[in-house]
Student: 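Sharing a structure here in structure tokens format.
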2 protein chains.
Amino acid sequence: MKKSVFLYGISLALLVYVLKLIEYRYYVRDLSLGFYLTLIALLFGALGAWFGGQLVIKRIHSISSAFNANATSLKLTGISKREYDVLTLISKGDTNQQIADKLFLSLNTVKTHSSSLYVKLGAKRRTQAVQKAKELKLIP
Amino acid sequence: MKKSVFLYGISLALLVYVLKLIEYRYYVRDLSLGFYLTLIALLFGALGAWFGGQLVIKRIHSISSAFNANATSLKLTGISKREYDVLTLISKGDTNQQIADKLFLSLNTVKTHSSSLYVKLGAKRRTQAVQKAKELKLIP
DNA sequence: ATTCAAATCATCCTTTCGGGTGAAGGCTTA
DNA sequence: TAAGCCTTCACCCGAAAGGATGATTTGAAT
């Protein structure tokens, strides 16, 4: 981001320098002022468009890949590690028994975790829990 | 999109006109050519940046909202309209009974639809169905 | 007109979920 | 050390889901 701004600044400085040259040649050659103005407008318009596009793209990227398992939401909901493990597998469509097998837990433990998950997510069913977890960016 | 380009064109034309005025005043007032050049550069740079940003945003939107219920995948899976209705509500965390109420169906019918959904999606549970449907872009 | 898929509903039966509750061991922190 | 949370597991019970199968109606295609 800062790098982009820096690059943009450099480009701008360079162009201003070029403009200086043009300014000098203005007295030498016989091109209208309007020509240069249009040229500059086009140049900076294009440059600005590119820059603006890059800016937005970067922002979008930083938002969409802001899926760092979202520690903020995790703390807000108070979901623990183990509960999160269960949540992840629930979202993949595993049954409680399958989750128990994968996490080396008893079925009852998985049920306990999922139950507290529902409470913390304000859900009544696993499908709801998955939906809410996605809203909170807890899972992809 | 076309509208944006048009607006941009209009803005550009307007500014060029303004530049004309400035050009005339150049002979009247005592401001350096560099000043105007920089002004133009900044103006068009900013305008271009805004325009570029808008362009990218629109493109992103059209991509992300290119969620036209993905007819391709629907045909491939052979999911019917009614099944799709059920799928949608399933993905929202509704129970079969709730779905039945919303769609004015009997619980059994909902079960039938969901069962054939699972077959067509290669899922064994509703949570899996939801996950696969998302992969196929059938639901958001 | 016959055929076929979709949509609707049913019954029976098994599995899975989910709620409620209790309890034991471990770790952290006041 | 006591309080508190996390993790683990258990039992009970009702609700929801899911599988198998069959039946009727309707609309579209052949």
Student: Drop me the distance from B:Ile90's CD1 to B:Leu117's CG, to the nearest 0.5 angstrom.
Tutor: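 The distance works out to 6.0 Å.
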
Student: To the closest 0.5 Å, what do you measure between CG (B:Asp94) and CZ (A:Arg125)?
Tutor: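 Those atoms lie 7.0 Å apart.
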
Student: What's the CZ-P distance between B:Phe104 and C:dT8, to the nearest Å?
Tutor: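 From B:Phe104 CZ to C:dT8 P: 12 Å.
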
Student: In Å and rounded to the nearest 0.5 Å, what is the OG to NE2 distance from A:Ser80 to A:His113?
Tutor: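 NE2 of A:His113 is found 6.5 Å from OG of A:Ser80.
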
Student: Let me know which of B:Thr88, B:Ile79, B:Val130 forms a side chain to side chain contact (heavy atoms under 4.5 Å, CB included) with B:Leu138.
Tutor: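 It is B:Ile79, the one option of B:Thr88, B:Ile79, B:Val130 that forms the side chain to side chain contact (heavy atoms under 4.5 Å, CB included) with B:Leu138.
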
Student: Could you please name the option among C:dT8, D:dC6, D:dA10 that lies closest to any side-chain atom of A:Ser80?
Tutor: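 For the A:Ser80 side chain, the nearest candidate turns out to be D:dC6.
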
Student: Would you kindly give the NZ-to-C1' distance between A:Lys111 and D:dT7, to the nearest whole Å?
Tutor: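 Computing the A:Lys111:NZ to D:dT7:C1' distance gives 17 Å.
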
Student: Under 4.0 Å between a side-chain N or O of A:Asn108 and OP1 or OP2 of D:dC9?
Tutor: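 No, outside the criterion.
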
Student: Rounded to whole angstroms, how far apart are CD on B:Glu83 and P on C:dA6?
Tutor: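 It is 7 Å, rounded to the nearest whole Å.
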
Student: Looking only at side-chain N and O atoms, does B:Ser91 offer a donor or acceptor that is under 3.5 Å from a partner on A:Gln131?
Tutor: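 The answer is no; no qualifying pair exists.
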
Student: Let's see if you can work this out: which of C:dA10, D:dA17, D:dC9 has an atom nearest to the side-chain heavy atoms of B:Arg126?
Tutor: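 Taking heavy atoms from C-beta onward, the closest nucleotide is D:dA17.
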
Student: Closest nucleotide of DNA chain C for A:Thr95 versus for B:Leu107: which of these residues is on the 5' side?
Tutor: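 Residue closer to the 5' terminus by nearest nucleotide: B:Leu107.
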
Student: Test for a donor-acceptor pair under 3.5 Å between the base of C:dC9 and the side chain of B:Thr112, counting only N and O atoms.
Tutor: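 Such a pair is found, so the answer is yes.
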
Student: Contact class for B:Leu105 vs. all strands (heavy atom < 4.0 Å): base, sugar-phosphate, or nothing?
Tutor: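 Contact class for B:Leu105: sugar-phosphate only.
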
Student: It should be established whether A:Tyr118 places a side-chain nitrogen or oxygen under 4.0 Å from OP1 or OP2 of nucleotide C:dG18.
Tutor: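 It does, given that an N or O in the side chain of A:Tyr118 lies less than 4.0 Å from OP1 or OP2 of C:dG18.
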
Student: Once you round it to whole Å, what is the distance between P of D:dG19 and NE2 of B:His113?
Tutor: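 In whole Å, D:dG19 P and B:His113 NE2 are 16 Å from each other.
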
Student: Just how far, in rounded Å, is P of D:dT8 from CG of A:Asn96?
Tutor: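 For the pair A:Asn96 CG and D:dT8 P, the rounded distance is 14 Å.
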
Student: B:Thr109 side chain N/O closer than 4.0 Å to the phosphate oxygens (OP1, OP2) of C:dC9?
Tutor: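 B:Thr109 to C:dC9 OP1/OP2: side-chain N or O found under 4.0 Å.
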
Student: In this structure, how many angstroms lie between the P atom of D:dC9 and the CG atom of A:Asp101, rounded?
Tutor: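 The distance from CG of A:Asp101 to P of D:dC9 comes to 12 Å, rounded to the nearest Å.
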
Student: Figure out the NZ/C1' separation between A:Lys120 and D:dC5, and round it to whole Å.
Tutor: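 Distance, rounded to whole Å: 9 Å.
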
Student: Would you kindly give the NZ-to-C1' distance between B:Lys81 and C:dA7, to the nearest whole Å?
Tutor: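 Going from NZ in B:Lys81 over to C1' in C:dA7 covers 10 Å.
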
Student: Do the side-chain N or O atoms of B:Arg125 get closer than 4.0 angstrom to the phosphate oxygens (OP1, OP2) of D:dA17?
Tutor: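 So the side-chain polar atoms of B:Arg125 never come under 4.0 Å of the phosphate oxygens OP1 or OP2 of D:dA17.
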
